[in-house]
Every structure is written in structure tokens, then in C-alpha cells.
Peer 1: 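A single structure is presented below for examination.
These numbers come from the heavy atoms of this one structure, side chains and all, not from hydrogens, waters or symmetry mates. Proteins get letters first, then strands, A, B, ... in listed order; numbering begins at 1 in each.
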There are 2 protein chains.
Amino acid sequence: MSVSITDVARAAGVSASTVSRALRGQPGVSGEVAAQITAVAARLGYTASRSASSLASGRTFTIGVVVPYVGRWFFGTVLDAAEHVFSAAGYDVLLYNLGSPETRKRFFTKMPVRKRVDAVLSLLIPDEEESAALRSLGVPLATTVGGARPGFTVVGIDDRAGTESAVRHLVNLGHRRIGMISGSSGPQHWTTPIARRQAYLEVLADAGIEHDPALEADGDYTVEGGERAMTELLAAARPPTAVFAQSDEMAMGALRALRRHRLRVPDDVSVVGFDDHELADVVGLTTVAQPVAGQGAEAARLLLRQLDEPDAGQPGQVRMPIRLVLRETTAPPRPRGPQ
Amino acid sequence: MSVSITDVARAAGVSASTVSRALRGQPGVSGEVAAQITAVAARLGYTASRSASSLASGRTFTIGVVVPYVGRWFFGTVLDAAEHVFSAAGYDVLLYNLGSPETRKRFFTKMPVRKRVDAVLSLLIPDEEESAALRSLGVPLATTVGGARPGFTVVGIDDRAGTESAVRHLVNLGHRRIGMISGSSGPQHWTTPIARRQAYLEVLADAGIEHDPALEADGDYTVEGGERAMTELLAAARPPTAVFAQSDEMAMGALRALRRHRLRVPDDVSVVGFDDHELADVVGLTTVAQPVAGQGAEAARLLLRQLDEPDAGQPGQVRMPIRLVLRETTAPPRPRGPQ
DNA sequence: AAACTCAACGCAAACGCTTGCGCAACAGCG
DNA sequence: CGCTGTTGCGCAAGCGTTTGCGTTGAGTTT
């Protein structure tokens, strides 16, 4: 029923090996014969069986992409861009969505990608054990999040610089009580929240502002979490006049909480986010923009390059530019109340 | 280097066929031997090569999911849910992101999923030619968008009912000049915008409101498109006092446009969206909620069922519930101006 | 004209698994 | 006790490619 390489070979009056070579543009077959074969293959609607060819060749022409939540804007956007690069290069992508701890565990113990992929792009930060498991695959690895990791190509941003620009902006506006909504709920090895928190503390210290632990809350990187966190901050003895959220989603949650508390933004409270979410502009959110799609595409390109030249040296590290985007959720604090 | 089935067989003192059967829980191997084999396999860290087993069995344990834009909330959410169902059932998902016409064309001519997947879930509406190509794969097919299609299991919503509830809501508030931002830019065979438009027209007719073509604009299903469309509507001789957008993203674009025009929502203009986007609540958008993740999960489940019982009858059709969610972007029109 | 290259192609052996079939061994039956 | 079933397992033939190597014949060198 299904047309195989021998069918093509027979129809073209050559051997299967010649068909194989011709269709893949390998040397060892004359121009005319190759043309003939391509024509016949097209006429018969022949597509090589991926299973068979990867079994024989050891190459799968497939990239594994593991992501915590495809549904979230950040990951969806990275994936979108990466997928375009991969598919343009003739690679398919095998998607693993590892949101819950169980699926994540299942993935890393069963390792379904073993012998199924030529490389893997991880959009989540593997812990020591997990990255060891990935390395054991013996294929090029890349990630777009978190810091340096042995064996991984990482393309990311300067989290500290980004955070600095955001918090410094609030300081410059005159704010002294600056809260932070972090997304630190994840495992410790995720360096992003840590780096951003450090930068936050440093800017405060630099401005001579004493740090108040009551002005920090965890937002879990979600809208709901951000809302909860903001509510928490508002309950503090002396609530913040400005808030830096480590992601736009959390910032939007914060906006919602503020609205529910009948507080005006930026009159009563300023808020700045991180990411430049697609909808940040709609809500007028001041934020730190990072090239999200750009990171996905770049990581994909680097991975492909490693595939092409396996003898290349250390996996690279790329820092993408960030920039503060001023919109309408930040303003000087209202000159009222004590201090 | 890599451990194969024969390694396990040797170590367990049985034949490869017995290992194969034991590991897949097939009958024909005694309990103790099976236990032995599983233990040995675990100790050796054996994972069956997917290429080899699919070559031999013809089954791939992989589902192809084709989607227009993974980055967009709707598709990302559907995909997320579907992936969970698939992976829980032991299936991997091969992702094809077909946003641009070129990649789409490439996909449907090269058909890279041929012999690579056991089923495909399409999140885009294939035209006649494309769905014929999909059917030629000879595997179960499902989609979560658009209307009935021969050979496809489709789980969706009642677009007309959803639209009716939205537009009727505006009518009931007293609006007479009700604009619509549609997403009809796609190919004609996409029934969603068409169905929604019809329902829109019907409600107007039913309310005795004459239809004004100047109150319709195309928003391309994007935020930017929605903004453009709203700007267009505002330029009409008699601009609308309310707008129904066929997606929340377009509605949010409309909100942005309105803000730029210094018009207040809902005081000057009411707007209602469609989807109940994750952030609809943040901006207070009144909208028609549909179970997005639910549709993805349900479609995935139906696909798996077809895989289990291939002799089942016609592919099913499921209608998921919708409901109007009232928030803060709709209100009665201001009683001023002529009529 | 013999010896040698080299390009173009075919042969056949993998690749690692699944599965129909055959063959013991053992149980239950008349 | 022979006979038929049944259970548990091994044999070996695929599945559809890729690829190292061998063969052929035309072209080039001495």
C-alpha cells in the first residue's frame, strides 16, 4: 500500500541504494539518473520512512524541546521562534511539556528522547541530576533560561542589568518604598529569580534605602500569584509606593489587585514588570523588554550549528540586549503621608 | 555503547522476543520471568529504540499536532492541555508550527508526518486539499476549530450561540450602533468568523437594527489588528457605541485604540470579546468564555480512543459549553447625541 | 596496449526491534 | 494412556533505510 524505496528503485530501473543516495543529494550518482529518480519519486509520492532511516543512519532529524508550560506567553513565544528555525532546517520538533512535577519526573527517568532526537533545547532549568540525564544522551544541548551550565549552550539576558534598570527607574522617580514580586517558588537552582533579587537589593543599597523584607512577596510567575503577592504587600504596615515584578504576568496580576483595592496606577502605586509581554502595551505597563522570540531563534541556530560541526569547541554563551520600556504605570510617588 | 534488547536478553538469559513481550506486558511470558526481565532492563538502563520498534510494528506512539501559532494564547493553551493527555497515555507529540503560508505549504506537500505519527490533531483548519492530504495518512484525525469536516473528529463550541449572547447583551444594554471586529482575513474555509458574523447579523436583524457595513472591520485575530480595526471603526461617519470583537486579543487591541483616542470604556464605548483570555480579567474585559484547555484535552482523549478502538464508527463531534462573562467593559450607551 | 584512476552503480550487511510460527513441556480429557 | 489444548518460550523473517565495499566500464597515463 505504502510506497517504499524499492518501489521507486524498481520504477526508475536502479537499485535502492542509488535512490537513497540520489534523494539525499549524495555523490556517486550521475546528474541524469538523479533527476530521473527525483521525478519518479515525486510521481509516486514517495516519502522516506523516518523510522527506517534513523534506525539505519542513527540520525533522527528531530530536536527535542522541553518546556515547563507551553501555554505561557514566554515559553510559547520562545518555542514558536525556535520551531521556525528548526523546521526551516529540515528538523522536526518533539515537544515535552513538563509543567507538573510528576510529568517532569517521568520524563527524566524514562528519558523518552533517548535515541529519538539529535539535540535538545531545554526551556526549563534542569537540576544537577536532570542535566546529567540530558548529558547522558550524548547530543548537543541548549537552554534559553538561567545561567551557565556545563555542557549547555545558553542564550539569555543580563538579569542583573535588566533588574537594575527597572529598580533604578523607580528610585530615580523618587520612590523609597519599593516592593518586589518575585517568582522564586521554583527549585533553588533556577538562577533567574536569585539574580534579579540580588540586583534589586543592590540598587536599594546603592540608593541608601534600607531593605524591608515585608516588601517582598512571591508571585509564582503567574497572574494569580502576582495578584496574591500584591495583596500581601498592600497588607504591610507601610505598603510600597512602587513595585517591581519579575515578570509581566505577575505585574498584571498586581495591577488587578491594585484595581480591586481601588488604588490608582501610577498615582497611588507605580509598577514595573519584566519581559515586555505581548499585552504589556495594552495595559500600559512599564517593563524591561527582552527579545523573547530572538532568544528562541538564536538558541535554535546555535544548536543547529553544533549539529553541523560537532567538533566545535565549548558550547557558547550569548547575552541578548535588554531595555527599559517606559509606559504609563510608573510615576513619582505622591508627596503625602509621612516621608 | 548503547544497550539494546539483545543485551538485556543475554543478561536475563532469555531471548530477545521474550524481552520484547515482557517489557510491553504482552501475554506469553510467565510472571517470574517477566519480573526478572524488567529488573534487568532497569538495571541496565534500557530504553527501546523508538525508530526500531516503529519500523517493526508500524506504530509510532507519536501524535502529530499542527498549529498555526504556538505563541498565541489560544493555541498554546489548547496544545498544553492536549500534550498532557497524550504524554500521560505514553504518546510523544511532534509539533508543527505552520504560521506562515510557506511553512504551511511545505508541510502539506512534504507531509513529514507520513509514517511518523499514529494520529494528528490539527489546530488549524485545513482546506479541501490539505485535509485530503491528511486523510491520505490513514490515521485518526481531530481538530478543535471550525465546523464539521469529513474524517475529522471535531470538538468545538457553538459559535453562533456564543456570538448571540455577546451581541444580544449589547442590544439589551440599549446599544443600536454595534460594531464588529472580525478575524476573517484567513482563508474562506475557516468557518468560525463566518458563523460569528452570521450570528451577529441575525441578532441585529432580530432587534430591528439596520446593518451598517461601515461598522465591520477586520482585526486579523491579533492585538495590532484589533487596534487598527477599532481605529477604522472610529473613523466612520457615525462610530459605534459598542463593539463585539471575535477574539479577546482583538478586543484588547480595540481597548488600546480607544485609550489612544481618549475615549473611556465603557462610558463612551462598550466592548466585548470572545475566548476569555487569561488576561481578560486583568483588563476587565467582558467576554464569551469558552473552555480552551478543555477542548484540547477532549480532542486528545477522543483521538486516543480512536487509536484504541479503530473499528469505532464515525468520528465524533463535541460541543463544549460557552458562557458570557460580564466584567467592566460594557455598559449602557450614553444618552446623548441624535438617537 | 597494458596498467591504472575514478566515477557510477549494485550487493548485502547492518540498524534494533516485533511477531507469526514452531516446538517443547505439561495439564486435563475421555 | 494416548489425545488434544494450553502455556511459555525461541527462531527467524521481516520492517525500510543507509552505507562500506565490490564491480564495472570509460577515460587517462605510461
Peer 1: Any side-chain N or O of A:Q26 below 4.0 angstrom from OP1/OP2 of D:dT18?
Peer 2: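 A:Q26 to D:dT18 OP1/OP2: no side-chain N or O under 4.0 Å.
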Peer 1: According to a strict under-4.0 Å criterion, is A:T18 in side-chain N/O contact with OP1 or OP2 of C:dA8?
Peer 2: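 No, outside the criterion.
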Peer 1: Check whether any side-chain N or O of B:R135 sits under 3.5 Å from a backbone N or O of B:P150 as a donor-acceptor pair, and report yes or no.
Peer 2: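 Judged by distance alone, yes, a pair lies under 3.5 Å.
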Peer 1: Ignoring backbone atoms, test whether A:S20 places a side-chain nitrogen or oxygen under 4.0 Å from the OP1 or OP2 oxygen of D:dT18.
Peer 2: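 Yes, because at least one side-chain N or O of A:S20 sits under 4.0 Å from OP1 or OP2 of D:dT18.
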Peer 1: Taking the side chain as everything from C-beta on, heavy atoms only, tell me whether B:Q295 gets closer than 4.5 Å to B:Q290.
Peer 2: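 SC-SC contact between B:Q295 and B:Q290 confirmed.
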Peer 1: Pull out every protein N or O sitting under 3.5 Å from an N or O of nucleotides 25-27 of chain D, one pair per line with the distance.
Peer 2:
none

Peer 1: Go through D:dT18, C:dT18, C:dC17 for me and flag the one nearest to the B:R24 side chain.
Peer 2: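 Of all the options, the side chain of B:R24 is nearest to C:dT18.
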Peer 1: Which of these nucleotides, C:dG16, C:dG10, D:dT17, is closest to any side-chain atom of B:K115?
Peer 2: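 So the nucleotide nearest the side chain must be D:dT17.
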Peer 1: Please enumerate all protein N or O atoms sitting under 3.5 Å from an N or O of nucleotides 20-24 of chain C, with distances to 0.1 Å.
Peer 2:
| from | atom 1 | to | atom 2 | distance (Å) |
| --- | --- | --- | --- | --- |
| C:dG20 | O6 | B:R21 | NH2 | 3.3 |

Peer 1: Under 6.0 Å from the six-membered ring centre of B:F74 and within 45° of its axis: does the NZ or CZ of B:R72 meet both?
Peer 2: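 No.
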Peer 1: Show me the pairs that pass side-chain hydrogen bond (donor to acceptor under 3.5 Å, both in side chains) and involve residues 19-39 of chain B, at least two apart or across chains.
Peer 2: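 For residues 19-39 of chain B: B:S20-B:R24.
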Peer 1: With a 4.5 Å limit on heavy-atom distance, are the side chains of B:V113 and B:L137 in contact?
Peer 2: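 The answer is yes; the side chains approach within 4.5 Å.
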Peer 1: Counting side-chain heavy atoms from CB outward, which of C:dC17, D:dT17, C:dC9 is closest to A:V29?
Peer 2: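 Selected nucleotide (nearest to the side chain): C:dC9.
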Peer 1: Just N and O in the side chain of A:S15: are any of them under 4.0 Å from OP1 or OP2 of C:dG10?
Peer 2: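 Yes, such a contact exists.
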Peer 1: Quickly work out the A:L23 CG to D:dT19 C1' distance and round it to whole Å.
Peer 2: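 A:L23 atom CG is separated from D:dT19 atom C1' by 16 Å.
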Peer 1: Any donor and acceptor pair, going by atom type alone, linking the side chain of A:R106 with main-chain N or O of B:S87 inside 3.5 Å?
Peer 2: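 Side chain of A:R106 to backbone of B:S87, a donor-acceptor pair under 3.5 Å: yes, one is there.
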Peer 1: When the axes are fitted on five pairs at both termini, how much does the helix from C:dA1-D:dT30 to C:dG30-D:dC1 curve, in 10° steps?
Peer 2: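 Nearest ten degrees gives 40° for this helix.
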Peer 1: Quick one: which residue pairs count as a ring pair (Phe, Tyr, Trp, His ring centres under 6.0 Å) with a foot in residues 89-123 of chain B, not counting sequence neighbours?
Peer 2: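 Ring pair (Phe, Tyr, Trp, His ring centres under 6.0 Å) check on residues 89-123 of chain B returns B:F61-B:Y91, B:Y96-B:F107.
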Peer 1: Within the structure provided, determine whether B:T103 and B:N97 are in side-chain contact (heavy-atom separation under 4.5 Å).
Peer 2: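 Side-chain contact under 4.5 Å: no.
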Peer 1: So which pairs with a foot in residues 115-124 of chain A pass side-chain hydrogen bond (donor to acceptor under 3.5 Å, both in side chains), sequence neighbours left out?
Peer 2: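 Residue pairs with at least one partner in residues 115-124 of chain A: A:T60-A:D118, A:K115-B:S2, A:R116-B:T62, A:R116-B:D92.
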Peer 1: Determine whether a donor-acceptor pair (N or O, by modelled atom type, separation under 3.5 Å) exists between the side chain of B:D220 and the backbone of B:T222.
Peer 2: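 Side chain of B:D220 to backbone of B:T222: no pair is present.
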